[in-house]
Trainee: 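Provided herewith is a single structure, encoded as structure tokens, for subsequent inquiry.
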Protein chains: 2
Amino acid sequence: MTDAPDLRQRLIEAATQLFAESGYDGVGLREIAKRAKANLAMISYHFGGKDGLYEAVLREGFLRCPSKLSQLERPLPDPAAPDARALAIEGLRVHLQSAVMDLQLGLAQDPLDRAFMAVVLRELAEGGPRLEALDREFMKPHFEHLANCLGILRPGLSDEDRVSLGLAVIGPVLACALLPGLFRLRNDGRPFPADGQAFAEFMLDHTLRALGVEGA
Amino acid sequence: MTDAPDLRQRLIEAATQLFAESGYDGVGLREIAKRAKANLAMISYHFGGKDGLYEAVLREGFLRCPSKLSQLERPLPDPAAPDARALAIEGLRVHLQSAVMDLQLGLAQDPLDRAFMAVVLRELAEGGPRLEALDREFMKPHFEHLANCLGILRPGLSDEDRVSLGLAVIGPVLACALLPGLFRLRNDGRPFPADGQAFAEFMLDHTLRALGVEGA
DNA sequence: GTCTATAGGCTGATAGAC
DNA sequence: GTCTATCAGCCTATAGAC
């Protein structure tokens, strides 16, 4: 991991960790080079500059993560099917578990993946120019799957209310990922959630109760 | 506003806006001085340095906001009262409306207040050394009020589940405040929520359904 | 209190030897 | 591909005139 074979990879790993900790403006290239046990000039040579390195961090992260993202199968419920509601409920469960996994709330073992997700969340929060690409890559698939399931379980909402409902379901997971320090405080210093699976189940149960659906 | 009487105030206002936009490391003192129409040296003179200016931004924000925070009265429900459940429901409503207001999701008119809350949220997300103070000042009162209400409506939860339940209620509001750009995308470019009051009511209704309580 | 001028250090980037 | 040495520019901070 830290002793990756080639320099390029070491630089990307070091940069991912440091950007995750301190943000783009908070780290210098010298520090990154030092952590990667590489020479400063190698950053310009391999990536063309700090911006190029940052983009490489995101690009390589994209390439590395999709295979890990949504490892759980996520069947799209067919509204016309006779068991549509049951499928939607199962879809909702898979969606929540998947979101909790993706956002590294306790299931991700690889520190590099955790750091990468922190970079992504930081970028989403800043609302910068890369927001649309990140949304398309990370958030949109989840939101669409979520919207499908919710549309079956609660049809006929206004546009505004549909967004609100989606937010009511996924918001807790997002908030938890965006404010890890705060929820550590809320949980007496222990990381929260302690058990990602149980957390996802709790949120699923909460959502199903709100939707007036009997839990599967 | 931008033309505040004294220089000190102008510096704090300029710094609040710029720190909100670009973060602590993302802005230079020159830029802050320029926006405040002040001389660079005045920052050291009045605040002792960049760190002092940042702390002043937070301190003055604390002083300015509590009067605006929780403008709605927020009675603490008494679990022993005969109408405890009704009081808890009303408390929950007030809590959600208040949180939506505090987090500037559509109700805050003053751009300075909006910028200040952005600084606070940024600081909470970074998880820095000031996190505990910010939590105590901004989050804890809400969480405690929330916990009181939820404890009445749904007693006997485990510690972990109690945190989860609190997060299920307040998470959507937090997520929305932390990812304004993302939810603008989710809402076809329009800011979300369009109507903070309606948003709070939706979340209250959602929560009450989940808790199996008839809406007031 | 406000300003100019500048110090001293760090930043990202690169030329050029190997 | 990797390194050293160095550049020009920016950063924060401050000494000192007014």
Side-chain angles (χ1 to χ4, degrees), chain A residues 1-61 63 115 119 122-123 126 128-130, chain B residues 1-61 63 115 119 122-123 126 128-130:
Chain A
M1 163 72 59
T2 315
D3 302 321
D6 64 321
L7 193 149
R8 205 190 122 90
Q9 194 58 27
R10 286 210 311 278
L11 280 170
I12 286 186
E13 295 185 5
T16 304
Q17 291 170 345
L18 288 169
F19 283 144
E21 287 170 25
S22 314
Y24 184 86
D25 294 315
V27 206
L29 293 185
R30 283 167 173 80
E31 196 180 345
I32 294 174
K34 189 178 170 190
R35 161 130 16 159
K37 299 194 209 314
N39 188 281
L40 169 63
M42 288 299 93
I43 293 176
S44 285
Y45 177 77
H46 282 291
F47 305 100
K50 191 180 191 181
D51 243 34
L53 174 57
Y54 186 72
E55 274 170 29
V57 162
L58 290 178
R59 189 165 3 94
E60 306 261 318
L63 295 177
V119 174
R122 212 182 255 270
E123 187 72 22
E126 316 262 323
R130 281 173 259 261
Chain B
M1 163 71 59
T2 314
D3 302 320
D6 64 320
L7 193 149
R8 206 190 121 88
Q9 194 58 27
R10 285 210 312 278
L11 280 170
I12 286 187
E13 294 184 7
T16 303
Q17 292 170 345
L18 288 169
F19 283 144
E21 286 170 26
S22 315
Y24 183 86
D25 293 315
V27 206
L29 294 184
R30 287 160 209 282
E31 198 181 344
I32 294 174
K34 189 178 170 190
R35 160 130 17 158
K37 299 194 209 316
N39 188 281
L40 169 62
M42 287 298 92
I43 292 176
S44 285
Y45 178 77
H46 282 292
F47 304 100
K50 192 181 190 179
D51 244 34
L53 174 57
Y54 186 73
E55 275 170 27
V57 162
L58 289 178
R59 187 164 6 91
E60 306 260 318
L63 294 177
V119 174
R122 212 182 253 271
E123 186 72 22
E126 317 262 323
R130 282 173 260 263

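Side chains are part of it too, since the values below use all heavy atoms of this structure and drop only hydrogens, waters and symmetry mates. Just so it is clear: chains get the letters A, B, ... in the order the sequence lines come, proteins before strands, and each one is counted from 1.
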Trainee: Taking only Lys NZ, Arg NE, NH1 and NH2, and the carboxylate oxygens of Asp or Glu, determine whether A:Glu60 and A:Arg8 approach each other closer than 4.0 Å.
Mentor: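 Here A:Glu60 pairs with A:Arg8 in a salt bridge, since their nearest N and O are under 4.0 Å apart.
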
Trainee: How many whole angstroms separate atom NE2 of A:His46 from atom P of C:dG12?
Mentor: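 That distance rounds to 18 Å.
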
Trainee: When the ring planes of A:Phe19 and A:Tyr24 are compared, do they come out parallel, tilted or perpendicular, using 30° and 60° as the limits?
Mentor: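 Ring orientation of A:Phe19 relative to A:Tyr24: parallel.
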
Trainee: How close or far is atom P of C:dT11 from atom NZ of A:Lys34, stated in whole angstroms?
Mentor: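 The answer, rounded to whole Å, is 11 Å.
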
Trainee: Is the closest basic N to carboxylate O distance between A:Glu13 and A:Arg35 below 4.0 Å?
Mentor: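 A:Arg35 and A:Glu13: not salt-bridged.
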
Trainee: Expressed as a whole number of angstroms, how long is the span from B:Leu18:CG to D:dC11:P?
Mentor: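 Interatomic distance, CG of B:Leu18 to P of D:dC11: 12 Å.
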
Trainee: Can you confirm whether B:Tyr54 sits close enough to B:Arg130 that some side-chain heavy atom of one is under 4.5 Å from a side-chain heavy atom of the other?
Mentor: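 Yes, side chains in contact.
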
Trainee: Classify every nucleotide of nucleotides 12-18 of chain D by which part a protein heavy atom approaches to under 4.0 Å, writing B for the base, S for the sugar-phosphate alone and - for neither, in 5'-to-3' order.
Mentor: BBB----

Trainee: Tell me: NZ of B:Lys37 to P of C:dT2, nearest whole Å?
Mentor: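 Going from NZ in B:Lys37 over to P in C:dT2 covers 16 Å.
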
Trainee: A:Asp25 has an atom CG; how far is it from atom P of C:dT11, in whole Å?
Mentor: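 My rounded result for the distance is 12 Å.
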
Trainee: For the backbone of A:Asn39 and the side chain of A:Arg30, can you confirm whether one donor and one acceptor N or O come within less than 3.5 Å of each other?
Mentor: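 Flag not set: sc A:Arg30 to bb A:Asn39 has no pair under 3.5 Å.
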
Trainee: Do side-chain atoms of B:Arg10 reach the backbone of B:Ala38 as a donor and acceptor pair under 3.5 angstrom?
Mentor: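 Checked: no pair found.
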
